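Down below is the structure, laid out as structure tokens.
Fair warning: this is a prediction, and the values are worked out from it, not measured in the lab.
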There are 2 protein chains.
Amino acid sequence: MSVPGAPKVRTCVGDCLDVLHDMEPESVDLAYVDPPFFTQKIHRLNTRDGSATFSFRDIWGSDHSYSDFIYQRIRRTRTVLKSSGSLFFHCDKAASHIIRLLLDSIFGPEQFRSEIIWSFRRWSNAKKGLLPAHQTIFFYSKTDNFKFNTFYQEYSPSTNIDQIMQKRIRDSRNKTVYARNEKGEVVGNGIKKGVPLSDVWEIPFLNPKAKERVGFPTQKPVLLMKRIVELVTDEGDWILDPFCGSGTTLVTSKLLNRNSIGIDISEEAVELTKRRLEAPLFTESPLAQRGRESYRRHESYAATYLFGVAYTPVHRNTGIDGLLKEEVAGLPVFVRVQREGESVSQAVSALRKAARNKGDCRLVVIATHADLFDSGRFADVDVIPSTAFALNEYIKKRRPSTQRPPRTGDEGLISRGQKPNSKGA
Amino acid sequence: MSVPGAPKVRTCVGDCLDVLHDMEPESVDLAYVDPPFFTQKIHRLNTRDGSATFSFRDIWGSDHSYSDFIYQRIRRTRTVLKSSGSLFFHCDKAASHIIRLLLDSIFGPEQFRSEIIWSFRRWSNAKKGLLPAHQTIFFYSKTDNFKFNTFYQEYSPSTNIDQIMQKRIRDSRNKTVYARNEKGEVVGNGIKKGVPLSDVWEIPFLNPKAKERVGFPTQKPVLLMKRIVELVTDEGDWILDPFCGSGTTLVTSKLLNRNSIGIDISEEAVELTKRRLEAPLFTESPLAQRGRESYRRHESYAATYLFGVAYTPVHRNTGIDGLLKEEVAGLPVFVRVQREGESVSQAVSALRKAARNKGDCRLVVIATHADLFDSGRFADVDVIPSTAFALNEYIKKRRPSTQRPPRTGDEGLISRGQKPNSKGA
DNA sequence: AAAGTAAATGAATCAGTAA
DNA sequence: GTTACTGATTCATTTACTT
């Protein structure tokens with residue numbers, strides 16, 4: 001699949017019912033639907049008579065405006081979905097059962113994939129009862145041949161991972177036991193990937209003070225959108241948000257190199273979305289979020305790499321991360337940790353520039369990854385490998401030339417599996 | 001209210017529709033309903049000793065016949081509830097939307113209290129899609145005047161307790177601010193109890209090896225029942241379980257000094273319940289007691305050093321810290337980070353010992369400090385320097401022989417005894 | 001084609017052994 | 001004897017295979 005240079009983003013003011021009508025059928029890989037809550041209207045929807053309520057017709061067949069409103073728009077949304085496409089419908093306990101019935105009737109119950117629980121912590125109130133701390137996202141696909149990228153989570157700490165790496169067989173009494181070879185040694189069963197991603201997602205609610213927040217009432221965190229986008233789309237795919245609001249879906253799509261279409265009836269919302277898209281805030285970057293949140297001890301990226309080193313952190317200097325506590329050959333030593341997406345040469349240049357008017361000193365770059373490692377070429381800067389770098393070099397030296405390295409972990413999703421549907425259909 | 005000496009327990013074989021008909025109206029404080037989930041499967045399980053097989057049939061002609069079955073029984077259940085009573089209905093994604101509609105129509109939507117998510121981890125397998133890891137419990141009360149005992153959870157680790165303990169008021173623009181006295185000092189607000197219990201409950205799934213297990217399929221953990229019982233009943237109250245199965249509800253009620261009534265259509269199930277009640281067995285789940293964190297020991301120290309490395313943490317092994325995601329020369333690679341106060345040789349020995357019966361593998365020690373560094377001597381273990389180690393070696397090489405090394409930053413405050421031989425390094 | 005069976009799996013326990 | 005460690009065991013879910 002060809003990946004275009006820059007992701008395309010289209011925004012549109014209007015009722016998505018009309019806009020969807022003009023869209024090409026089978027053109028979208030993912031539709032994320034996060035409609036407004038008409039809570040009162042939903043409550044009026046609830047029927048009095050027991051058994052009659054179960055049929056879908058009783059809900060939207062009458063003049064109940066909310067379910068009718070949703071039904072019409074989701075039916076058109078389904079039309080513009082590719083046959084490999086998926087729909088994620090975000091709702092909460094107020095309407096989840098009605099939405100479920102609607103989606104079952106539009107997509108067919110056999111296309112129901114998951115009831116995703118987004119759980120979060122939030123400020124408590126003193127209400128009698130339990131504190132609501134989750135919302136529901138329904139995942140439906142258009143066909144059985146839906147696109148799905150398998151992600152894995154860490155094993156539970158109570159799992160004995162080195163033990164379950166052993167191969168197991170059944171003995172004469174059909175009991176599972178660990179396999180052993182003729183020498184009586186245990187037999188391995190290949191490397192472990194982690195456990196498949198579950199349908200309960202604990203993702204922090206957008207911090208009230210986050211820069212990411214743009215003042216839109218129902219704004220969703222970029223991290224939540226990121227997970228949805230990465231689960232069922234690849235780079236260059238098309239993502240539709242028919243109720244785009246403040247545009248989180250479009251911002252996320254752009255950051256992840258997906259094309260996107262956002263529709264909202266409110267002109268102000270679309271204007272806000274456009275402004276966000278022009279200059280996505282730094283904290284909106286999934287990369288930045290991943291980094292900042294995964295650092296141990298809430299330290300900076302550099303501090304994490306320099307753990308155990310006797311140094312003084314240097315703040316408010318973009319080129320220098322730290323100053324060693326001990327002088328080397330009578331000179332102060334400035335240290336820079338190679339950034340993600342930065343080559344060693346770039347790190348060396350940045351450090352050189354920052355140290356230009358610091359007088360006599362020594363310069364050290366900590367190499368964190370090998371993409372463009374060209375150590376030894378720098379007369380004035382010493383390059384020292386980080387733990388990760390040294391270990392990766394160790395692996396690389398012994399790797400068969402054909403093999404590709406695996407990805408490193410990011411915020412819980414530790415690795416990405418093969419696409420099951422890559423065989424095509 | 002007087003608390004009787006011993007809790008009463010009644011069991012009954014039969015269709016709860018008939019049994020409920022003969023019960024006194026307004027006599028029960030809590031009804032816990034855990035019927036077949038509409039899985040369209042037969043659930044079957046053997047007891048541990050293989051002496052008996054319990055099974056029940058959860059296959060229905062249509063969703064209509066299922067909902068009709070439930071509707072009739074829940075309507076009678078409501079009748080026997082006291083006006084202060086509550087109903088907890090356990091289901092899963094197969095029928096949660098149908099159940100929600102039924103309960104709304106029987107109790108009235110305004111008596112809906114919570115959609116409780118019971119989330120858990122369990123064994124998994126490769127699947128196209130997300131791994132189901134939750135079930136739903138609907139909480140309805142008969143009237144607004146329902147009995148409810150407020151429980152509190154621990155604050156999130158990221159919560160600033162100092163701030164929580166300050167008194168808050170609203171300023172002139174109705175914004176919340178911290179209260180200050182006339183001297184401008186912050187005012188306390190008394191000790192806080194924690195965060196009110198949320199509607200997402202993470203409770204370990206009943207483990208296959210748990211003593212609590214009696215061989216009944218779909219058996220629920222006592223811990224889950226305990227939370228429900230304590231939330232809406234007091235000692236001496238009456239609890240009803242119209243689909244009591246293996247009797248977890250009755251066992252929990254007895255242990256917590258509540259009276260209970262259990263009904264099941266299966267004679268074997270009721271017999272099993274009676275046997276369980278004679279010797280109520282409740283394994284205080286070690287996991288639930290100690291928490292998942294208790295399995296993480298050395299992990300964070302090792303993780304800090306291994307930042308940027310693609311590895312899986314190994315939790316339940318004192319010698320091995322991690323397993324590389326990538327095999328090296330076709331073998332798994334176990335990693336140990338040299339501990340503080342441990343020499344490289346000691347780290348090598350510990351790793352060797354832990355890996356003794358792991359079959360063919362490679363071993364790597366990350367050297368973090370140099371006290372007794374004697375790398376290169378180990379034929380079977382590779383020693384790789386950490387960032388700190390490499391940097392310290394860099395300094396040492398260029399250090400005049402008279403100079404003494406400074407101590408590293410973070411350990412400086414913690415007084416640790418001088419090692420008598422440290423000078424000789 | 002549908003139904004039934006087998007294999008793989010990992011979370012959390014039990015239980016035996018070493019310290 | 002007590003504690004800590006770690007090997008052993010179980011079982012519901014899913015995929016793959018067989019009847």
Next item on the list: May I ask you to evaluate whether B:S124 reaches the phosphate of D:dT14, defined as a side-chain N or O under 4.0 Å from OP1 or OP2?
Entry: no

Next item on the list: Nearest-nucleotide wise, let me know which of B:N125 and B:G319 is further upstream toward the 5' end of DNA chain D.
Entry: B:G319

Notebook entry, point to check: Across the strands shown, which category fits A:Y178 at heavy-atom distances under 4.0 angstrom: base, sugar-phosphate, nothing?
Noted result: base

Next item on the list: With rounding to the nearest 0.5 Å, note down the distance linking OH in A:Y155 to NE2 in B:H315.
Entry: 10.5 Å

Notebook entry, point to check: Of all the choices, D:dA8, D:dT9, C:dG10, which nucleotide is nearest to the side chain of A:V177 once you look at every atom?
Noted result: D:dT9

Next item on the list: Taking only Lys NZ, Arg NE, NH1 and NH2, and the carboxylate oxygens of Asp or Glu, determine whether A:D144 and A:R113 approach each other closer than 4.0 Å.
Entry: yes

Note to self: With a 4.0 Å cutoff (strictly under), does any side-chain N or O of B:R121 reach OP1 or OP2 of C:dG10?
What the structure shows: no

Notebook entry, point to check: Quick one: is the NZ or CZ of A:K192 closer than 6.0 Å to the six-membered ring centre of A:Y152, and within 45° of its axis?
Noted result: no

I'd like a list of close polar pairs between nucleotides 15-19 of chain C and the protein, N/O only, cut-off under 3.5 Å.
none

Note to self: In this structure, how many angstroms lie between the P atom of D:dA8 and the CH2 atom of B:W123, rounded?
What the structure shows: 22 Å

Next item on the list: Calculate the interatomic distance between A:Q166 atom CD and D:dA8 atom P; express it in whole Å.
Entry: 7 Å

Notebook entry, point to check: Taking only side-chain nitrogens and oxygens of B:K358, does any of them come within less than 4.0 Å of OP1 or OP2 of D:dG7?
Noted result: yes

Check: Minimum heavy-atom separation for B:A347 to B:E342, with atom names?
Finding: CB-OE1, 3.3 Å

Next item on the list: Mind calculating the distance between CG (B:L131) and C1' (C:dG10) to the nearest angstrom?
Entry: 10 Å

Item checked: Which nucleotide in D:dT6, C:dG10, D:dT9 has an atom nearest any side-chain atom of A:Q163 -> D:dT9

Item checked: C:dA12 OP1/OP2 closer than 4.0 Å to side-chain N/O of A:S156 -> yes

Check: For B:F205 and D:dC11, what is the distance between atoms CZ and P respectively, to the nearest whole Å?
Finding: 12 Å

Notebook entry, point to check: Heavy-atom distance under 4.5 Å between the side chains of B:K325 and B:T312, does that happen here?
Noted result: yes

Check: Bend angle of the helix from C:dA2-D:dT19 to C:dA19-D:dT2 from five-pair axes at both ends, rounded to 10°?
Finding: 30°

Check: When rounded to the nearest 0.5 angstrom, what distance separates CD1 in B:I228 from CD1 in B:I137?
Finding: 4.0 Å

Check: What's the NZ-P distance between A:K167 and D:dG7, to the nearest Å?
Finding: 19 Å

Note to self: Would you say that B:H90 contacts B:L224 through its side chain, given a criterion of any heavy-atom pair below 4.5 Å between the two side chains?
What the structure shows: yes

Next item on the list: Please state whether the rings of B:F88 and B:F139 are parallel, tilted or perpendicular, taking 30° and 60° as the class boundaries.
Entry: parallel

Next item on the list: Hey, can you tell me if B:W123 and B:F205 have their rings parallel, tilted or perpendicular (30° and 60° cut-offs)?
Entry: perpendicular

Check: Between A:Y140 and A:F107, how do the two ring planes meet: parallel, tilted or perpendicular, split at 30° and 60°?
Finding: tilted

Next item on the list: Would you mind reading off the distance between A:Y155 atom OH and C:dA12 atom C1', rounded to a whole angstrom?
Entry: 16 Å

Next item on the list: Return the nearest nucleotide to the side chain of A:N160; candidates are C:dA11, D:dT9, D:dG7.
Entry: D:dG7

Item checked: D:dT15 OP1/OP2 closer than 4.0 Å to side-chain N/O of B:K127 -> no

Item checked: Whole angstrom value for the distance that separates C1' of D:dA12 from NZ of B:K220 -> 12 Å

Checklist line | Residue met sooner reading DNA chain D from 5', once A:R168 and B:L130 are mapped to nucleotides | finding: A:R168

Next item on the list: Please state how far atom NE2 in B:H315 lies from atom P in D:dC5, giving the value in whole angstrom units.
Entry: 15 Å

